[in-house]
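Taking it in order: structure first as structure tokens, then the write-up.
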Amino acid sequence: MTAITHTNITAASYDELVDRVLRGGFGPDPRTERIAVAFTTRQAVRHAGRSGGYRNEVLSLRLAEAVGSCAVEPGGLPDSAVDDCVGADIARLLAHDLLPVRVAALDAYLMHVLPHGSASGARPCPLPAGSSLEKSRARAKAVTGLLDVRPGRTVLVVGVVNSLLEALRARGLAYIPCDLKGGTTEWGEPVRTDALAELERCDAVLASGMTLGNGSFEPLREHALRHGKPLVMFAQTGSAVLPRLIGAGVSAVSAEPYPFFWLDGGPGIVHRYGGSECSGAAL
């Protein structure tokens, strides 16, 4: 088997990445790798001191020691999807009708063959224990620290997380909040619903890995690549997928595999690819 090195673990696009996996370009034949466990995680949260809340729903697939995940809109995943995945091989799931299933399967496979660590290019950034809001703010500091932009610049934020907006405000950065759910931010700012329509107004993009599962990632990547704009991804969805696209439009990734920071009040870790060294996410 060909050794995996830093020089051959990136791809030029999401589709090329899938094709390389199907051809065995990263190691084991995906037709021989089967999902043992499939499950969903549903969460509702309203941090103490915050006026609003939100819900999350995530599909996760277990392959050996690895877990791959893809977030979906709450209620958007049929119950049959979990049954479809159990016992199925990765190659079959990469051809599944549902995009979130395909993304979770790709994530599980790449997490299995390229786990987060120095060998795959990751740098650990610890998150301290704390309340849900404290951990959210600590993660936000780790994520926004990957943005190499000067104060006064405008960041398109795709997938609104108020702690991320708060961290951008602290750095003197303007932002355009965008989320399919719409609504308003904690500060009463309107949330746009069409991220692609806002791209020309921004100097950089900060986007959720959830864009992989709703089909909006590739246009963001292509725009960033074409215009030389920083594109930083914060990834619970596709945490092992997005680092493989650094240099192809993606400039940096904060990768956070399952279990996510919101599931546990104890210390945690995010894995950072690209960007500067972690300056610490202490509360």
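The shown structure was predicted, so the numbers you read here are calculated from the model rather than taken from an experiment.
Contact check for Ser136 versus Phe261: side-chain heavy atoms found under the 4.5 Å cut-off. Counting heavy atoms from C-beta outward, Leu93 and Leu106 have side chains that stay 4.5 Å or more apart. Side-chain contact between Leu98 and Pro78 is present, with at least one heavy-atom pair separated by less than 4.5 Å. Looking at heavy atoms from C-beta onward, Glu186 lies out of side-chain contact with Leu165 at the 4.5 angstrom threshold. Side-chain contact between Ile269 and His116 is absent, with no heavy-atom pair separated by less than 4.5 Å. Counting heavy atoms from C-beta outward, Cys85 and Val101 have side chains that approach closer than 4.5 Å. With contacts defined as side-chain heavy-atom distances shorter than 4.5 Å, the pair Lys181/Val191 does not qualify. Residues Leu17 and Leu110 have side chains in contact (heavy-atom distance under 4.5 Å, counting atoms from C-beta outward).
Using a cut-off of 4.0 Å between Lys/Arg side-chain N and Asp/Glu carboxylate O, Arg137 and Glu134 are scored as not salt-bridged. Electrostatic pairing of Glu256 and Lys135 does not count as a salt bridge here, judged by no charged N lying under 4.0 Å from a carboxylate O.
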>> Between Glu73 and Glu57, does the side chain to side chain contact (heavy atoms under 4.5 Å, CB included) criterion hold? Intermediate values first, please.
In response: CA-CA 7 Å; Glu73 290 298 324; Glu57 185 171 342; over 6 Å; no
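At a cut-off of 3.5 Å, with distance as the only test, no side-chain donor of Ser13 or Asp15 sits close to an acceptor on the other residue.
Figure legend: Arg20 and Phe26 shown as a cation-pi pair, the cationic atom lying under 6.0 angstrom from the six-membered ring centre and within 45 degrees of its axis.
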